[in-house]
Number of protein chains: 2
Amino acid sequence: MQIYTAPTEDFRFLLETLGYEKVHALAPYADYDLETVMSLLAAAGAFCRDVALPLNRKGDQVGLRFDPATGSVTLPEGFRSLYERYVEAGFASLGHDPAFGGGGAPHTVAVLVNEMVTATNKSFSMCPGLSQGLIEALSHHGTDDQRARYLPKLIAGEWTGTMCLTEPQCGTDLGLLTTRAVPDGDRYRLTGTKIWITFGEHDLADNIIHLVLARLPDAPAGIKGISVFAVPKVLPDGARNGISCSGLEHKMGIHASPTCVMTLEDAVGELIGEPHRGMRAMFTMMNVARLNVGLEGVALGDIAYQTAVAFARDRRQGRAPDPDKRERGAAADNILAHPDVRRMLLEIKSTHEAMRALAVWTSLQIDTALHHEDPAARQAAADMAALLTPVVKSYCTERGFLNVSTAMQVCGGSGFTVDWSIEQYLRDLRIAMIYEGTNHIQALDLVGRKLPADGGRGYRDWSARVRSFCEAQGGDAGMAELVGPLLDALATLDGLTTWLGGGTADGETVGAAASAYLNAFALTALAYMWGLQVAEARRRDTPFAAVKVKTARYFVRHVLPEVDALARVVREGKEHIMAVAPDEF
Amino acid sequence: MQIYTAPTEDFRFLLETLGYEKVHALAPYADYDLETVMSLLAAAGAFCRDVALPLNRKGDQVGLRFDPATGSVTLPEGFRSLYERYVEAGFASLGHDPAFGGGGAPHTVAVLVNEMVTATNKSFSMCPGLSQGLIEALSHHGTDDQRARYLPKLIAGEWTGTMCLTEPQCGTDLGLLTTRAVPDGDRYRLTGTKIWITFGEHDLADNIIHLVLARLPDAPAGIKGISVFAVPKVLPDGARNGISCSGLEHKMGIHASPTCVMTLEDAVGELIGEPHRGMRAMFTMMNVARLNVGLEGVALGDIAYQTAVAFARDRRQGRAPDPDKRERGAAADNILAHPDVRRMLLEIKSTHEAMRALAVWTSLQIDTALHHEDPAARQAAADMAALLTPVVKSYCTERGFLNVSTAMQVCGGSGFTVDWSIEQYLRDLRIAMIYEGTNHIQALDLVGRKLPADGGRGYRDWSARVRSFCEAQGGDAGMAELVGPLLDALATLDGLTTWLGGGTADGETVGAAASAYLNAFALTALAYMWGLQVAEARRRDTPFAAVKVKTARYFVRHVLPEVDALARVVREGKEHIMAVAPDEF
């Protein structure tokens, strides 16, 4: 059973609630009014359900074929056609610059399409996902000539892209990387080994452009000596370049997504951006990429939830605890009669709808930061996007993983079988907590970099924004049940932020507390998202809006209390963590 | 990399701390003094590391071969020899009655052997695990003649056993089962379909004895009309009986453990125990079986932890946040320098060592309940075992699953590959939250059945026992850091128990709150286990004891605060859960 309905009703509600009309008003987005966006999302949803989803289990079970003799990687039958149809439908180019053939849609819209593609075929989604990152980097850091040569092909989906960062001895710590780039005329020759290269080799497109981190001969040591190069698989003259796949990883999930070891031997590359300043180009790619990875937790949480609901609607087992609710003449009631089944479903629904809202809210900030006419508004939106991106990446993947596991629990033994596919969603999602910067790296980014940036301006603005929302609800007694706990959580978070010196506490304390702090931040942010949604829902008289209010109540009363336990953990600091010596584990 | 060292140092510490000498003093256990037990555990540990573990990945990757024509199931090469060596070493018979060839060891010892077998080859461990359950049921409910015919072969491991409970329409709710048993002379003929039958068919032994739940023609409806039958695969005259495997489930994990659909067509069976009283026999099997399932969370948590520690010791990445702790001349420090890596390892260590302690403590209660000469002591121990068994089953599997996931996180991308095997441990463990009664069924058993039993005697005794331990530490200032939070958690739990009317609240409230209540109970019980361990550790001057104290501190300060969030959730009751109607999900 593979069950999926595009969550377009929720998308529309969120776009209306969170301010899409302001993004539509920005100059480049004139073509994308809400109704246009909704029909685009509906079409994408149908594509995902009808084309991407039917190949998802096949991708998992058939997996990849690697030929060591040629270094070629073959995807399961049907994936090439899926990719062609995806490109033809315009999804590959959707959010990119019309000057190079892109659709010019807001990031927010592209992100929602990504959610659906990921939900229905996560392995496949990673190929265009990596291309998007490369396109971002080239757009910001390439020369006019480079953009002209690369972007049209990449945006059209004729070529795909990769990010070649990790090496066997360096992942989180890129300062350790050793791949060398030696000048050779106006190009460079690169030699080294890269690992974990997603879609580093495949048969979906004719060429692959690798964005490779390497060191020039005169590079300073560490992270400040890294440059970035574009290294094509096939050179402009049609010759194969000296970069090839020398092996595939065997993984718990995403079996149709090749994770390649790439060997570079005198591979021809061209420098992107300035020498030794490669990390800047990487960070450009990372915000959108990290937001998309966060969405993976929402996407797979959603399809798993839909599957669990479908299972629960069909399954009868035991009697309703309340005799008045028992179905007469039936030997057993539907399991939705059992409080714990509802509890599990609400645990998922109340977190994943808020996580989706937070991702949409952050995407709207990114669009605003790019195109608002007022520099102050751009700056404020950029601050918000920078602050919330690590929160979205880490929390949505961690909670999303728990949500998929909870969906499996709803299905009992059936959930553990391949028949209901939830087990694949669980396996496919687990990596999202690790890649694109582990979740703790996100927490360090939040606490150690984003909090202290610009004298703490970002956090102050965010906190003020939440507080002013709460104050604006002051006269509405119906909002009090939500606003009270949200203000409590915010006060707790403000206190923790101060306790951490706004991120300037000593490194061990920051490291010890960062993960718990991020989770407390995330729960507060989710409560804020529920506040925004309930305020809107109370203005509507629809069944959908009524369920939003009920779901928010569950979140506030059953989930939000976790903030207090996290706060106590943050304030414990490093003492009992650093007390255990390395050889005592 | 498959890494495992038998945790015998911890076993010895726990047996000494938790009162093994009192169990050894019980009449039937004279042969099992602590030194004998420790050498037995050491031998079992070596067997697990050298014989069971090398086949674990093969079992996962090769899986099972099912022949639809004959209904035969073939395990991967090497498993038959593993089983023979397991039987020869005496592990199959260890805890069973010497009158029928058993080793006569305390349950506690058998449970610790099971932990190691499960850690190193969970799929394999399930075969003797099911036999143990069948042996329990026959020992308590079979006639002398039945015991004489079945037990020697089962205890010797020549035959194996199954439990055939579930049918397509009934799992949790066994009252719905429809398999029929019709009298035929002094035997019965059974017809029906059973699913999820672990090791229902295999090639490890010559015969399989199925314990089958079925209804007699005159059976009342529902759960009070179920009888139990022994149905052999091969009849005494050598003929194949009318029970056969008609298919295997395809699962996320435990790939070498056959999960069979069993078809019964006029299969010959004999009644075990009284007609219509079959559920009693089932419940006999369930206590030990549930304890062993709980141990699965400890077992796989342990091997995953050991793997993560080995990975962390080897991996260098980034610099220690404290400049004074940086290794001179190295480009990067070992990742154990990072607070979050230690935090993750402590998160595992501080919960799984306490969970193991709780399982050992509960096993000691089972041994005491069986053999103490004082009926009052037997009753008290039986109360404790009944109360804590659902806690062990549910909490250890849920937290154990999180612990394996955390161990994967320590290993980063490597943890997601098959190379480090943690991904297999995660897949293999997930089912433990579902089978042998889902974790919520455990919670309902705890709250709805165990709390109110005998006027609440069990909970009162347990609470008094924890409190009197705390009071006995009164004079020891060094214990205060642990005793204070433990007493706080106990007071919270007492309050929750009262709030739930000692389990007599309305059914929807019990259902809504039971899972959170069980988790709060478990955390309090784990804190008690840390109390017992620290009290003992403070009497010792060894590095091992010093680490116990540090680990306990982490638990009390970083993990135990979760109790308060759970308490708030319990007290929310059912309101916001039942408010969402079935069609609103």
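Every value quoted in this text rests on a predicted model; they were computed, and no experiment measured them. All chains are named by letter (A, B, ...) in the order of the sequence lines, taking the proteins before the strands, and each is independently numbered beginning at 1.
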- request: Name the member of A:L345, A:I434, A:T172, A:D419 that forms the most heavy-atom pairs with chain B at distances under 4.5 Å.
  value: A:I434
- request: Would you indicate whether the side-chain heavy atoms of A:P582 and B:R342 approach each other to under 4.5 Å?
  value: yes
- request: For A:R427 and B:R427, indicate whether the former's side chain and the latter's backbone hold a donor-acceptor pair under 3.5 Å.
  value: no
Side chains of B:T178 and B:E167, donor plus acceptor under 3.5 Å: yes
- prompt: chain B heavy atoms under 4.5 Å from A:A337: which part of the residue, side chain, backbone, both or neither?
  reply: backbone
message: Let's test your reading of the structure: which of B:T166, B:L176, B:V309 forms the most heavy-atom pairs below 4.5 Å with chain A?
response: B:L176
- prompt: With a 4.5 angstrom heavy-atom cut-off, which part of B:T259 approaches chain A: side chain, backbone, both or neither?
  reply: neither
message: Looking at every non-hydrogen atom in both residues, tell me the closest pair between B:A489 and B:L560 and how far apart they are.
response: CB-CD1, 4.2 Å
task: For the pair B:Y305 and B:H352, name the ring-plane relationship: parallel under 30°, tilted 30 to 60°, perpendicular over 60°.
output: perpendicular
task: Heavy atoms only: give me the nearest A:S394-A:N439 pair and the separation to one decimal.
output: O-ND2, 3.2 Å
message: Is any side-chain heavy atom of A:V447 closer than 4.5 Å to one of A:L518?
response: no
field: Contact winner vs chain A - B:V569, B:D340, B:I348, B:L336, heavy-atom pairs under 4.5 Å
entry: B:D340
- prompt: Which bit of B:Y435 comes within less than 4.5 Å of chain A, counting heavy atoms only: side chain, backbone, both or neither?
  reply: neither
query: Given the options B:G507, B:P561, B:S414, which has more heavy-atom pairs under 4.5 Å with chain A than any of the others?
result: B:P561
message: Heavy-atom cut-off 4.5 Å, strictly under: side chain, backbone, both or neither for A:H338 against chain B?
response: neither
query: For A:N334, is it the side chain, the backbone, both, or neither that has a heavy atom closer than 4.5 Å to a heavy atom of chain B?
result: neither
message: Restricting to non-hydrogen atoms, name the atom on A:E584 and the atom on A:A579 that form the minimum distance, rounded to 0.1 Å.
response: OE1-O, 3.9 Å
Top of B:A513, B:A565, B:S405, B:G412 for chain A proximity - count of heavy-atom pairs under 4.5 angstrom: B:S405
message: Heavy-atom cut-off 4.5 Å, strictly under: side chain, backbone, both or neither for B:K574 against chain A?
response: neither
Options B:G171, B:A221, B:A546, B:A581, ranked by heavy-atom pairs under 4.5 Å with chain A, top entry: B:G171
task: Of all the heavy-atom pairs spanning B:D173 and A:A332, show the shortest one and how long it is.
output: OD2-CB, 3.9 Å
- prompt: Which of residues 313-323 of chain B have a heavy atom under 4.5 Å from any heavy atom of chain A?
  reply: B:R313, B:R315, B:R316, B:Q317, B:G318, B:P321, B:D322
- prompt: For A:F544, is it the side chain, the backbone, both, or neither that has a heavy atom closer than 4.5 Å to a heavy atom of chain B?
  reply: neither
field: Contacting region of B:I422 [heavy-atom separation from chain A under 4.5 Å]
entry: neither
- request: Check A:A512 against A:I577 and note the closest heavy-atom contact, atom names and distance.
  value: CB-CD1, 3.7 Å
message: Any heavy-atom pair between the side chains of A:E572 and B:Y554 that's under 4.5 Å?
response: no
task: State whether B:R557 and B:E481 are salt-bridged, where the test is any N-O pair (Lys NZ or Arg NE/NH1/NH2 against Asp/Glu carboxylate O) under 4.0 Å.
output: no
query: What residue in B:E249, B:M578, B:R553 has the most heavy-atom pairs under 4.5 Å with chain A?
result: B:M578
- request: Could you tell me whether B:W420 and B:F311 have their ring centroids closer than 6.0 angstrom?
  value: yes
message: Is B:V418 in contact with chain A via its backbone, its side chain, both, or neither, using a 4.5 Å heavy-atom distance?
response: both
task: Kindly check if the number of other-residue, nucleotide or ligand heavy atoms within 6.0 Å of CD (B:E575) is above 12?
output: no
